[in-house]
There are 2 protein chains.
Amino acid sequence: MAIHTQLTTLLDIDAPIILAPMAGVAGGALAAAVTRAGGLGLIGGGYGDPAWVERQWELADGADVGIGFINWKLSEDDRALRSCLERGVKAVLLSFGDITPFASAVKSSGAKLIAQVQTLEDAKRAADAGADVIVAQGTEAGGHSGQRATLPLVPAVVDAVGNIPVVAAGGIADGRGLAAALMLGAAGVMCGSAFYPCDEALSHDHAKDSAISGKGDDTIYSGLFDMVRGLNWPSEWKIRTLSNNFSRRWADQDRALAEHLSSIAAEYRAAAPGDMQTVPTIVGEAADLLTQRRSAADTMADILLTAQALLGHPPAALT
Amino acid sequence: MAIHTQLTTLLDIDAPIILAPMAGVAGGALAAAVTRAGGLGLIGGGYGDPAWVERQWELADGADVGIGFINWKLSEDDRALRSCLERGVKAVLLSFGDITPFASAVKSSGAKLIAQVQTLEDAKRAADAGADVIVAQGTEAGGHSGQRATLPLVPAVVDAVGNIPVVAAGGIADGRGLAAALMLGAAGVMCGSAFYPCDEALSHDHAKDSAISGKGDDTIYSGLFDMVRGLNWPSEWKIRTLSNNFSRRWADQDRALAEHLSSIAAEYRAAAPGDMQTVPTIVGEAADLLTQRRSAADTMADILLTAQALLGHPPAALT
């Protein structure tokens, strides 16, 4: 079973599905599982801790995976990126900031350069900077994103970037979403929430259960969890999570937060692992579509089977 | 040329495309043009002015159109709705609030009851209240909306409402969007921005030009224009427009706005018609996809032709 597009040809894979490089969740085991099921697994290089990244490469156990990084963080410390390029890596995803300072190093290593963008203007800049693949990410995604929505962003990016394959991200967690993305002109999808509750994910067991029971109506797009984690994210990218007791308590309390941040952050840090009413469940609006804990291979097969059926037999009568 | 779904059967139409009932823009001529091109035109009954609505019925010139109303406004004055039901109308769309008080009157008149919702929870309530069709509207839509995005909302609503046909709204302005919506499980689409620059729309000439040159990156979702227009919209629904000089001047100026609202509103009201740097161009993120002023029939044909091509020959190789 395979779905071939411009993306699968470029990356030499059988399924146009990329694992979102979720920081702290997409480790080597999950990335390897997605790659072995026909897609492209990306390790969540996140904030660029070289030791953590090294350990995840070992856990990938030789599978042909890639890695994702946060641009504005790489600008402070790019050691983890450099060691990946020296090792040799199939693909590097860069998001949240200008890719120009890193583009030539990535490409000259032989890795494919995947640029994730959140606006049409940034898509044009990524194309000019030499991206091999452009991920158009909507705000309905879990984790960090911008403010545009996937459905109108994808065709606008497709129209703007010529022959560069475009991948749709944000709000896609099943085969209906994959089939829809292909209709929009995308050459594939990137999924995070769909894999968050998988067996191989590094998310806490309680986080996986919370993701499955969570509702898209209950997600929030907020800077709160970055503030209390001491992460200095630029204001144009906030983080979507399920709401919980902690987020509800501090919603619309900007002044109190600013005045008492250190004690609120200390309270946050004191939460037990798996206390999902304090720490966030980092999934997006596609939470409604998550139904069970299972292996990444089962999730991949489910997405592909549904998409193949829809593409083979469109759900409308043409006359 | 026709695309048949559960929606086209229910409404006895040839194209699964509904005109969004844009207040002040979707008058009788535009609604009639969409109906005559095979879809369902809805007059924008908006704030419920009976004389305006009466005039638009005359301009529809006998075409089989429907009408849309704002629930929280109907709760204050439902004369326009009642006169439409007495006249006999094909379909009534109700949005932004509880449909229960009006559902039985609409249905017993013989009109189809189309409920537009912005959350999964409201979709379930609309199903329980007897809606014949449910429009799942994402925040990327122009005009008023909630905060969920179309791509993940539509399949979640489809899964939740049993056999009731679901229509996708928000971010759809071409045949790629229609084909994608059908893959998500929708039985059709509702489009506003796509028709905003059409010849038959009541939008000002300058507003039509502004919509076409506008960018999805430049839309804002804000309560500003409702405040200065004196419209007391509940806070859960704000309005998406292109940004302009007026909106940029008052962005993040909540305190100044509250203190000087009457003078700011007077300045707003003093703007010349067609001064698009003061009054809003009310289109959504799909603005990127608007390319030309043309007739509604040409827009309908363009959407259908593209969607038929995509559905007939999916853009991926299945093996």
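The analysis underlying the following values was restricted to heavy atoms, covering all of them including side chains, and did not include hydrogens, waters or symmetry mates. Values in this document were obtained by computation on a predicted structure and should not be read as measured data. Each chain gets a letter, A, B and so on, in the order the sequences are listed, and its residues count up from 1.
- At a 4.5 Å heavy-atom cutoff, the contact between A:T119 and chain B is made by backbone and side-chain atoms alike.
- Of the listed residues (A:A286, A:A316, A:A307, A:G216), the one with the most heavy-atom contacts under 4.5 Å to chain B is A:G216.
- In this structure, chain B has a heavy atom under 4.5 Å from the backbone of A:Q147, while its side chain stays farther away.
- With a threshold of 4.5 angstrom between heavy atoms, A:V158 approaches chain B through side-chain atoms but not through N, CA, C or O.
- The backbone N or O of A:P152 sits nowhere less than 3.5 Å from a side-chain atom of B:E140 that would complete a donor-acceptor pair.
- Of the listed residues (B:Q6, B:E285, B:H4), the greatest number of heavy-atom pairs within a distance under 4.5 Å of chain A belongs to B:E285.
- Note: B:M183 CE to A:L178 CG = 10.5 Å, rounded to the nearest 0.5 Å.
- Across B:G171, B:P314, B:G185, B:A317, the residue that shares the most heavy-atom pairs under 4.5 angstrom with chain A is B:A317.
- Separation of atoms CG (B:L182) and CG (A:L310) is listed at 10.5 Å; rounding is to 0.5 Å.
- We find that B:D217 and A:K124 are not joined by a salt bridge, their nearest charged nitrogen and carboxylate oxygen being 4.0 Å or further apart.
- With values rounded to the nearest 0.5 angstrom, B:T319 atom OG1 is found 7.0 Å from A:Q308 atom CD.
- Two residues are said to be in side-chain contact when any heavy atoms from C-beta on lie closer than 4.5 Å; B:L289 and A:D159 meet this criterion.
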